[in-house]
Trainee: 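Handing you a structure now.
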2 protein chains.
Amino acid sequence: MIRLYLVDDHHVVRRGLRSYFESFADIKISGEAATAEELLHKIGEVQTDVILLDILLPGGMDGLEAARRILGQPNPPRIVILTAYTDPARAMAALRMGVQGYVRKDSPPEILLAAVRAAANGQIYLDKQTTEIISEEIPEIKLSLREQQVLEQLAGGDTNREIASTLMISEETVKSHVSSILSKLGLENRSQAISHALKNGLVRRDS
Amino acid sequence: MIRLYLVDDHHVVRRGLRSYFESFADIKISGEAATAEELLHKIGEVQTDVILLDILLPGGMDGLEAARRILGQPNPPRIVILTAYTDPARAMAALRMGVQGYVRKDSPPEILLAAVRAAANGQIYLDKQTTEIISEEIPEIKLSLREQQVLEQLAGGDTNREIASTLMISEETVKSHVSSILSKLGLENRSQAISHALKNGLVRRDS
DNA sequence: TGATTTTTCCCTCTTTAGGGGGATTTCATA
DNA sequence: TATGAAATCCCCCTAAAGAGGGAAAAATCA
């Protein structure tokens, strides 16, 4: 019997997952959470084998950070990441941190099932697209803390001057951070950086 | 008995909606579609009272355009728009075009149910946030066709020169379109336009 | 038809972005 | 301790973006 915990901020998604998985005799839903904070708060009190975890969650913490914390505990449950869009960098980061699966939300239900069962067995399951992308030996793209902060504001539409002002550094420094972000991500200008960051969930979108 | 048609590109969402609505005696699911094209293709052959329609759909056509076409037909079904983020402009546009409801995906299921039942009765149902926003008498922000096309490419990270090239117009023309987009949306630069467009679902995000 | 909007293009001018090439300090780590 | 990454700042220079002010043809609408 696989005990499965569901984490997604949308009611309909949780309900859909629950009704689907409950139709299989070997799976039992051990609980649900809508946010990363709720998950971390509740997970200590339940015994579960697998957590199906959405990446983009409202509030301060995203799914990856929640995964990191849970996997840092002794004898943690397996985690399968559920995501709307396939992002190579995030998938790599997730795998490095010990996640057991990475599947797209628009995958057919059988894929989700396969991923959960594989995770329960300690196997790793990746969907086709992710596997293809990963297998191309993509070097991990890692932004420094400062670069992430700059990217965050970049994606908010701020100018270099505004970023400089809120980070209390000079405009020149911001420019050098932006340049290294572009070079690390293989992009050509800030517009592409904004587009990339928002489309691939590299930043929160609190609009 | 309310016949309800479901349109969403995610399996889990469709499944969740179906299992939820089927638990009510007065509702019957008359069909499902994953894209706007599929909906338009299939809807002629089924009798349905209400269509629950996701706004962001893969492929060329979005939910609003599909709604426009369906509502243009004689004696059309009622349409309830389902959306991930509340966008005032889109909500206004949807209502103007005769849609019967506008609800967020993360609403509690009871809200969805209320919206569908209201639509079946010919009433209009808006969720709280949308109502609040609408009631502030927001003047409709309407981009021309050309401006939408430019915004689409803008959000993809393209430069003015690239946009000019694909639209087969001069760079100067692109600049004037960009300027009018900024002025209509009340923004200051293209970075803000990209951020705004992606965060508020003004463009598709096919990454 | 007349009026309005859309789409197109041009010019000038200022600001912003971004590359290239340094340099310094701090801090972790091999 | 040496090495390297991170973070800070500077200069010079080119290209891109955007404001302001027109203008004119085409499409749409009243």
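Numbers restart at 1 for each chain; the letters A, B, ... are given by sequence-line order, proteins then strands.
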Trainee: So that I can tick it off, tell me whether Lys175(B) and Glu171(B) are bridged by a salt bridge, with the cut-off set at under 4.0 angstrom between side-chain N and carboxylate O.
Mentor: no
Trainee: Angle between the two end axes of the helix from dT1(C)-dA30(D) to dA30(C)-dT1(D), five base pairs per end, rounded to 10 degrees?
Mentor: 60°
Trainee: Return yes if some donor-acceptor pair links the side-chain N/O of Ser195(B) with the main-chain N/O of Ser191(B) below 3.5 Å, else return no.
Mentor: no
Trainee: Going by distance alone, is a donor N or O of one side chain under 3.5 Å from an acceptor N or O of the other, for Gln153(B) and Thr166(B)?
Mentor: yes
Trainee: Kindly say if Ser144(A) contacts the phosphate of dA5(D), meaning a side-chain N or O under 4.0 Å from OP1 or OP2.
Mentor: no
Trainee: How long is the line joining CG of Leu187(B) and P of dG18(D), in whole Å?
Mentor: 11 Å
Trainee: Going by salt bridge (Lys or Arg N to Asp or Glu O under 4.0 Å), name the residues that satisfy it together with Lys28(B), two or more places apart in sequence or in a different chain.
Mentor: none
Trainee: Rounded off to whole Å, could you give me the CD1-to-P distance for the Ile181(A) and dA17(C) pair?
Mentor: 13 Å
Trainee: When you get a sec, tell me which of dG18(D), dT8(C), dT8(D) is the closest nucleotide to the side chain of Arg146(B)?
Mentor: dT8(C)
Trainee: Given side chains that start at C-beta, do those of Val99(B) and Arg78(B) come closer than 4.5 Å, heavy atoms only?
Mentor: no
Trainee: Name the closest nucleotide to the Lys184(B) side chain, picking from dA17(C), dT6(C), dA6(D).
Mentor: dT6(C)
Trainee: Figure out the CG/C1' separation between Leu182(A) and dA17(C), and round it to whole Å.
Mentor: 10 Å
Trainee: Taking CG from Asn189(B) and P from dT16(C), how many angstroms apart are they, rounded to a whole number?
Mentor: 10 Å
Trainee: Going by salt bridge (Lys or Arg N to Asp or Glu O under 4.0 Å), name the residues that satisfy it together with Asp49(B), two or more places apart in sequence or in a different chain.
Mentor: Arg3(B)
Trainee: Specify the separation, in whole Å, of atom CG of Asp158(B) and atom P of dA17(D).
Mentor: 10 Å
Trainee: Contacts to DNA chain C from residues 159-175 of chain B, heavy-atom cutoff under 4.0 Å, which residues?
Mentor: Ile169(B), Ser170(B), Glu172(B), Thr173(B)
Trainee: Heavy atoms from C-beta onward define the side chain here; which of dT8(C), dA17(D), dA19(D) lies closest to that of His177(B)?
Mentor: dT8(C)
Trainee: Has the side chain of Glu147(B) got a donor or acceptor atom that lies under 3.5 Å from a matching backbone atom of Ser144(B)?
Mentor: yes
Trainee: Look only at the side chain of Tyr5(B) and the backbone of Glu32(B), and say whether a donor-acceptor pair between them is shorter than 3.5 Å.
Mentor: yes
Trainee: Taking all non-hydrogen atoms of both residues into account, name the closest pair between Ile111(B) and Val103(B) and its distance.
Mentor: CG2-CG1, 4.0 Å
Trainee: When you check every protein heavy atom under 4.0 Å of nucleotides 22-30 of chain D, what one-letter string (B, S, -) results, 5' to 3'?
Mentor: ---------
Trainee: Rounded to the nearest 0.5 Å, how far apart are CG of Leu52(B) and CD1 of Ile79(B)?
Mentor: 10.5 Å
Trainee: Of all residues at least two apart in sequence or in a different chain, which pass the salt bridge (Lys or Arg N to Asp or Glu O under 4.0 Å) check with Arg146(A)?
Mentor: none
Trainee: Over how many whole Å does the gap from Glu188(B) atom CD to dT15(C) atom P extend?
Mentor: 15 Å
